[in-house]
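To start, the structure under review is shown below, and the notes come after it.
Numbering starts at 1 and runs along the sequence shown.
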Amino acid sequence: MQLYGCINYFRWIWFLKRLPIPSRRHMLDRLYEDNGLTLNELCEHFDMTRQAVAKHLDLLEKARLVVIVWHGREKRHYLNPMPIQQILEN
């Protein structure tokens, strides 16, 4: 049981190190407001290159905060709030 709490602690630290960047928080906010956006649709709301937005999304995907679903040739990004909820519950 102690190990499980330790793993959650390290996962929480991992989240905290990635979320302080305002652009990542803003991406999560955009997905909260309008879930299922493509990369191009997300880029419209940021003053950065498409590659920079893609890198931020990649980190959010690794943190399991963003889920990618393919619709034909379109790659859609969806907010996944479960990891934060699980950490807050434990």
Side-chain angles (χ1 to χ4, degrees):
M1 197 64 150
Q2 184 71 11
L3 180 62
Y4 183 72
C6 183
I7 291 170
N8 279 338
Y9 171 77
F10 288 117
R11 180 176 281 169
W12 182 246
I13 295 299
W14 193 84
F15 280 129
L16 290 177
K17 287 183 179 180
R18 281 150 185 81
L19 287 181
I21 296 173
S23 56
R24 291 185 192 147
R25 285 195 314 262
H26 186 59
M27 284 180 197
L28 293 175
D29 290 340
R30 285 294 309 140
L31 290 173
Y32 178 75
E33 294 168 5
D34 191 15
N35 218 2
L37 296 175
T38 64
L39 180 59
N40 288 333
E41 291 168 340
L42 274 170
C43 287
E44 294 173 2
H45 303 282
F46 296 96
D47 189 27
M48 63 177 82
T49 65
R50 186 175 186 273
Q51 291 81 6
V53 173
K55 283 185 178 183
H56 287 299
L57 281 173
D58 184 51
L59 280 172
L60 292 172
E61 183 185 1
K62 287 179 181 174
R64 297 185 308 168
L65 293 171
V66 172
V67 176
I68 294 173
V69 178
W70 286 91
H71 293 279
R73 297 172 74 188
E74 284 189 332
K75 185 179 179 182
R76 299 241 169 223
H77 302 85
Y78 293 89
L79 178 65
N80 179 23
M82 289 305 295
I84 292 175
Q85 290 175 352
Q86 289 174 346
I87 289 171
L88 292 176
E89 288 174 0
N90 292 323

### Among Asn40, Asp58, Leu39, side-chain contact (heavy atoms from CB on, under 4.5 Å) partner for Val53
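The passing option is Leu39.
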### Query
So which of Asn35, Leu79, Leu37 actually passes side-chain contact (heavy atoms from CB on, under 4.5 Å) with Arg30?
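Single pass found, and it is Leu37.
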Within this structure, what is the [atom1]-[atom2] distance for the pair [X] and [Y], rounded to the nearest 0.5 Å?
{"X": "His77", "Y": "Met27", "atom1": "NE2", "atom2": "CE", "value": "9.5 Å"}
{"X": "Met48", "Y": "Lys55", "atom1": "CE", "atom2": "NZ", "value": "12.0 Å"}
{"X": "Thr38", "Y": "Glu44", "atom1": "OG1", "atom2": "CD", "value": "7.5 Å"}
{"X": "Leu57", "Y": "Leu65", "atom1": "CG", "atom2": "CG", "value": "11.0 Å"}
{"X": "Glu61", "Y": "Leu59", "atom1": "CD", "atom2": "CG", "value": "10.0 Å"}
{"X": "His26", "Y": "Glu33", "atom1": "NE2", "atom2": "CD", "value": "7.5 Å"}

### Task
Identify the heavy atoms of Arg24 and Leu60 that sit nearest to each other, and give their distance.
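Closest approach of Arg24 to Leu60: O-CD1, 4.0 Å.
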### Task
Would you mind checking if Asp29 and Arg25 are paired as a salt bridge, meaning a charged N to carboxylate O distance below 4.0 Å?
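Not counted as a salt bridge, because no side-chain N and carboxylate O are separated by less than 4.0 Å.
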### Query
Are Val69 and Met82 in one and the same hydrophobic cluster, where Ile, Leu, Val, Met, Phe, Trp and Tyr link if side-chain heavy atoms are under 4.5 Å apart?
no
### Query
Has the side chain of Asn80 got a donor or acceptor atom that lies under 3.5 Å from a matching backbone atom of Val67?
no
